[in-house]
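Given the structure is predicted, the values throughout are model-derived calculations rather than measurements.
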Amino acid sequence: MTDPDGQPTTRISRRALVRAGAALGAAPLLAACGQNTTGAKAGSNTLSLLSTQHTPTKEADAFRQILKAADPSLTVNFNPGDTATTISQVKAQVQARSVRVNAFLGIHSDLSTLGPDNLADVSGLVSEIGSAGISAGNVTLSKIGTDKNYYVPLEQATYLLAVNKKALGWLPAGADVNSLTYDQLLAWAKAGKAANGGKAVFGLPAGPKGLLHRFTQGYLYPSFTGGLVTTFRSPDAVTAWQYFKELWSVTLPASTNVDFMQEPLASGQVLIGWDHVARLVDAPRDKPDDWLMVPAPQGPKARGYLAILNGIGIVKGSPDQDRTRQLIKALVKPEVQLDILRKLAFFPTVRAAVPADLPPAIKLESQAVTRTQTGGLLSLPSVGMGASDSKFTKVFQNCFTAIVLGNAGIQQTLDAQAKTMQQLITDANARCWVPDPQSSGPCQVG
């Protein structure tokens, strides 16, 4: 099948994806955006690494420090950028046979979009690194539906609830904070608001650069409907959006301005917040004993959770591939993986003994991730949508704006947005991905 740019894409079996999700163990996953440049010239002493990850300025600076320390003999120009632009840049250089970019760092779906036409076969490198303990599930994902590896798994992340212990007194009777249901979360948020003089204690990252769409895609939908695309406008989906409206009524109204939940959590503006692990770690920094990190709730169908795998691939036809392999091997060394964990809260993809001096917040997150993945329903960010991925995300953002903020009719909104979603999927020829069942053709919106 082909993506909207006419490039071949691949699909992965549902069984392989489920195995990969189980293999994440006590490790989570993420993605972001920023600026990039054209790349290094062939034969220069600088490697060019384009990325759709670590785009916030603070993250990008930290990753540059990690790159510098990983192998001081290498100079790496790290250029994070938005997904569509960065992927298009790689494709354009490969198609023009004028490749100046050495490597690409992205989430699994980004790497799947580039595929064998744009990424070099790194099977030998994966085999060489394999003794370091990359899980079989992640190795399978790196084959992007083929019999060869096209990237090296580098980082993992997921999403959690951060809880200030002050809020525990408002938990519903009998509720276990480590095993909440969505009904209990709603009751908790309502009780907290009532006890806090009518001011909400629960928050979501609904700002312009927030990851609220991941909450809808990877948590609310799988938990309430058991699927995503195939259940998009189902009766269960209507129930999910009805729930979301009620939850939003006891959510901090200023959440629409929040990109990183750790900021209002750290300031005490909210006491309970959901976000990506890397966007929660600063909240407990000063008083870690005052905090808990716990799994997202369980819904009527399951505890849905989103697993994000970042990988690094060598661009096909790029210069200096030996030095690029040298860089990748340096980045998967256990000590470098733990440096990534300390600085960015992305968890290792290789065996790495967890040291005693990890930041307290990351220790808390590690425990919560293990609980999340025990019996949870795995979801992945959209696979096969290619350049239309941001438009796919926009469907969920439009639903939130219309239904939750604008009080529009739920079924009517879902029916209208379903037409847009189906066109995007059909044009991309994207087959269903977990949590939906595997399809033989373009995934059908249900």
Side-chain angles (χ1 to χ4, degrees), residues 27 30 32 34-81 86 90 93 99-106 111 119-120 122 124-134 138 142 149 151-157 278 281 309-315 317-359 362:
L30 159 76
Q35 299 297 318
N36 59 39
T37 61
T38 305
K41 294 182 180 179
S44 75
N45 291 321
T46 300
L47 295 176
S48 174
L49 172 58
L50 289 190
S51 175
T52 60
Q53 310 307 301
H54 308 312
T55 57
T57 302
K58 184 178 179 181
E59 278 188 38
D61 289 344
F63 194 69
R64 289 187 181 100
Q65 294 174 9
I66 291 166
L67 288 167
K68 187 175 182 179
D71 189 333
S73 72
L74 298 173
T75 301
V76 184
N77 187 6
F78 177 64
N79 298 298
T86 304
V90 172
Q93 291 189 18
V99 180
R100 296 179 296 281
V101 175
N102 300 97
F104 175 87
L105 171 62
L111 293 149
L119 297 173
V122 292
L125 182 58
V126 170
S127 295
E128 185 179 348
I129 295 170
S131 60
I134 298 177
N138 283 344
S142 72
N149 305 98
Y151 68 84
V152 174
L154 184 66
E155 306 165 327
Q156 306 179 96
V281 289
L309 176 65
N310 290 346
I312 184 168
I314 298 174
V315 178
S318 62
D320 300 318
Q321 291 197 9
D322 286 344
R323 291 198 305 133
T324 305
R325 288 183 173 84
Q326 179 182 336
L327 171 65
I328 294 173
K329 286 193 285 187
L331 288 173
V332 295
K333 289 179 179 178
E335 61 268 27
V336 178
Q337 292 267 292
L338 291 174
D339 197 27
I340 293 172
L341 178 58
R342 286 190 184 93
K343 290 185 169 69
L344 295 172
F346 285 84
F347 286 67
T349 55
V350 302
R351 282 192 303 270
V354 178
D357 63 346
L358 274 183
I362 294 176

Is any side-chain heavy atom of Val315 closer than 4.5 Å to a side-chain heavy atom of Gln93?
no
Should Leu338 and Pro348 count as side-chain neighbours, where that means a heavy-atom distance under 4.5 Å?
yes
Does [Y] offer a backbone N or O that forms a donor-acceptor pair with the side chain of [X] under 3.5 Å?
{"X": "Gln337", "Y": "Ala352", "value": "no"}
{"X": "Glu59", "Y": "Leu344", "value": "no"}
{"X": "Glu155", "Y": "Thr349", "value": "no"}
{"X": "Asn102", "Y": "Ser48", "value": "yes"}

Minimum heavy-atom distance between [X] and [Y], given as atom pair plus value:
{"X": "Gly317", "Y": "Val99", "value": "O-CB, 3.7 Å"}
{"X": "Ser318", "Y": "Ile314", "value": "OG-CG2, 3.6 Å"}
{"X": "Ala345", "Y": "Val281", "value": "CB-CG1, 3.5 Å"}
{"X": "Ala330", "Y": "Val336", "value": "O-CG2, 3.3 Å"}
{"X": "Tyr151", "Y": "Val122", "value": "N-CG2, 3.5 Å"}
{"X": "Thr324", "Y": "Pro319", "value": "OG1-O, 4.2 Å"}

Are Asp357 and Arg342 close enough for a salt bridge, meaning some N to O gap below 4.0 Å?
yes
Salt-bridge present (Asp61, Arg64; N to O < 4.0 Å):
yes
Under a 3.5 Å threshold, yes or no: a donor from one side chain and an acceptor from the other, between Asn149 and Ser142?
yes
Over 60° means perpendicular and under 30° means parallel, so tell me whether His54 and Phe78 are parallel, tilted or perpendicular.
tilted
Return the [atom1] to [atom2] distance between [X] and [Y], rounded to the nearest 0.5 Å.
{"X": "Phe104", "Y": "Ile312", "atom1": "CZ", "atom2": "CD1", "result": "10.0 Å"}
{"X": "Gln321", "Y": "Leu327", "atom1": "CD", "atom2": "CG", "result": "13.0 Å"}
{"X": "Leu49", "Y": "Asn77", "atom1": "CG", "atom2": "CG", "result": "9.0 Å"}
{"X": "Leu125", "Y": "Ile328", "atom1": "CG", "atom2": "CD1", "result": "5.5 Å"}
{"X": "Arg323", "Y": "Leu47", "atom1": "CZ", "atom2": "CG", "result": "4.5 Å"}
{"X": "Lys343", "Y": "Gln65", "atom1": "NZ", "atom2": "CD", "result": "6.0 Å"}

Result of checking Leu105, Leu111, Ile340 against Asn310 for side chain to side chain contact (heavy atoms under 4.5 Å, CB included)
Leu105
